[in-house]
Amino acid sequence: DTEVTQTPKHLVMGMTNKKSLKCEQHMGHRAMYWYKQKAKKPPELMFVYSYEKLSINESVPSRFSPECPNSSLLNLHLHALQPEDSALYLCASSQDSGNTQYFGPGTRLTVL
Amino acid sequence: GDSVTQMEGPVTLSEEAFLTINCTYTATGYPSLFWYVQYPGEGLQLLLKATKADDKGSNKGFEATYRKETTSFHLEKGSVQVSDSAVYFCALSDRDGGFKTIFGAGTRLFVKA
């Protein structure tokens with residue numbers, strides 16, 4: 001099974017809402033990632049978890065809060081977002097650093 | 001720091017034409033090199049990869065060779081199909097560089113029937 005799943009597929013939220021994005025993989029990978037992708041741009045790394053510990057935080061605003069409850073799950077909690085946060089949010093996983101990353105289909109987020 | 005430069009698109013080809021998308025990189029270590037493809041409305045998926053100099057990655061008729069002397073990893077396909085229309089990202093990842101993957105800007109390919 002080489003699948004990374006993400007829910008929801010689409011999300012529309014107001015600037016005062018709190019919502020969460022979910023990601024799951026069952027490949028036994030030890031690293032999980034959150035990326036933000038704007039239209040016609042490459043993915044921008046937001047966070048990396050390695051062995052369930054936050055390894056990289058790319059100076060992401062605190063209105064984005066990641067969580068890794070266990071080795072298969074990754075959440076991204078959203079609060080007080082801005083319209084410019086509207087984007088495709090991609091989750092990925094890899095066996096280790098330097099390895100192939102497996103991406104989920106993404107959550108298309110719109111902030112009104 | 002490490003970087004990836006790939007040719008700007010969009011690239012428009014007729015079906016059965018030959019495809020080349022250029023990619024060059026700079027890296028201080030010995031990175032693995034990747035081509036990822038993103039179809040409309042989807043996430044990225046690995047197309048092919050090479051982990052050391054002179055390795056050739058291949059998949060679905062696409063090929064790329066890791067050239068250390070020219071720091072290049074150009075993507076080629078002999079005969080494109082309409083279904084190959086997508087955005088292609090060249091990327092590098094260095095095991096010693098932690099978990100960061102450096103992506104190129106992406107090249108959008110349109111294939112006409």
Side-chain angles (χ1 to χ4, degrees), chain A residues 2-7 9-10 21 23-25 27 29-59 66 68 74 87-109, chain B residues 1-11 21 23 25 27-52 55 57 59 64 66 86-110:
Chain A
T2 57
E3 190 180 26
V4 174
T5 59
Q6 289 188 243
T7 55
K9 194 169 175 64
H10 300 278
L21 309 185
C23 173
E24 191 166 4
Q25 58 90 13
M27 294 177 277
H29 288 172
R30 308 314 296 183
M32 295 186 77
Y33 309 73
W34 280 115
Y35 287 90
K36 174 183 178 181
Q37 187 180 27
K38 298 286 260 184
K40 300 186 179 180
K41 296 290 187 184
E44 297 172 40
L45 184 64
M46 300 174 72
F47 304 103
V48 181
Y49 274 82
S50 172
Y51 291 88
E52 301 165 48
K53 287 188 169 51
L54 185 63
S55 176
I56 294 177
N57 177 342
E58 290 286 87
S59 302
C68 189
L74 186 66
L88 181 67
Y89 287 83
L90 294 165
C91 175
S93 69
S94 69
Q95 183 61 41
D96 203 342
S97 63
N99 293 134
T100 301
Q101 291 188 24
Y102 293 83
F103 285 82
T107 293
R108 176 74 58 188
L109 174 67
Chain B
D2 295 356
S3 67
V4 174
T5 302
Q6 60 181 106
M7 62 187 286
E8 291 191 23
V11 174
I21 301 178
C23 172
Y25 69 91
T28 52
Y30 300 92
S32 295
L33 301 176
F34 305 85
W35 278 101
Y36 287 91
V37 59
Q38 186 172 30
Y39 298 102
E42 297 184 12
L44 280 70
Q45 56 183 271
L46 178 70
L47 181 59
L48 53 84
K49 72 176 185 181
T51 58
K52 61 183 188 298
D55 268 2
N59 185 25
Y66 190 143
V87 181
Y88 293 82
F89 293 98
C90 185
L92 71 81
S93 185
D94 189 339
R95 188 181 300 273
D96 295 330
F99 291 93
K100 291 190 181 183
T101 293
I102 309 298
F103 289 93
T107 301
R108 184 172 296 273
L109 171 66
F110 293 102

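Proteins get letters first, then strands, A, B, ... in listed order; numbering begins at 1 in each. Quick caveat: nothing in here was measured; it's all calculated off a predicted structure.
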Which heavy atom in B/Gly104 sits nearest to a heavy atom in A/Pro42, and how many Å separate them?
O-CB, 3.3 Å
Does B/Glu8, at its CD atom, have more than 12 non-hydrogen atoms belonging to other residues, nucleotides or ligands within less than 6.0 Å?
no
Could you tell me which portion of A/Glu58 (side chain, backbone, both or neither) has an atom closer than 4.5 angstrom to a non-hydrogen atom of chain B?
side chain
If you tally heavy-atom pairs under 4.5 Å between each of A/Val48, A/Ile56, A/Asp96, A/Thr100 and chain B, the highest tally belongs to A/Thr100
Could you tell me the separation between the NZ atom of B/Lys49 and the CG atom of A/Asn99, rounded to the nearest 0.5 Å?
6.0 Å
Hey, could you give me the OH/CG distance between A/Tyr35 and B/Leu44, rounded to the nearest 0.5 Å?
9.0 Å
So which part of A/Ser55 gets closer than 4.5 Å to some heavy atom of chain B, the side chain, the backbone, both or neither?
side chain
Could you state the interatomic distance from OH (B/Tyr36) to CD (A/Gln101), rounded to the nearest 0.5 Å?
5.0 Å
When rounded to the nearest 0.5 Å, the distance separating CD of B/Gln45 from OH of A/Tyr102 is 11.5 Å
Measuring heavy-atom distances to chain A, does B/Leu46 have an atom under 4.5 Å in its side chain, in its backbone, in both, or in neither?
side chain
Over 12 non-hydrogen atoms of neighbours within 6.0 angstrom of NZ in A/Lys38
yes
Sort A/Gln37 into side chain, backbone, both or neither according to what part of it lies under 4.5 angstrom from a heavy atom of chain B.
side chain
Rounded to the nearest 0.5 Å, how far apart are NZ of B/Lys100 and CG of A/Leu45?
7.0 Å
May I ask you to check whether over 12 heavy atoms, not counting those of B/Tyr39, lie within 6.0 Å of atom OH?
yes
Give me the atom names and distance for the closest heavy-atom approach of B/Gln38 to A/Leu88.
NE2-CD2, 3.9 Å
First locate atom CZ of A/Arg30, then atom CZ of B/Phe99, and finally report the distance between them rounded to the nearest 0.5 Å.
10.5 Å
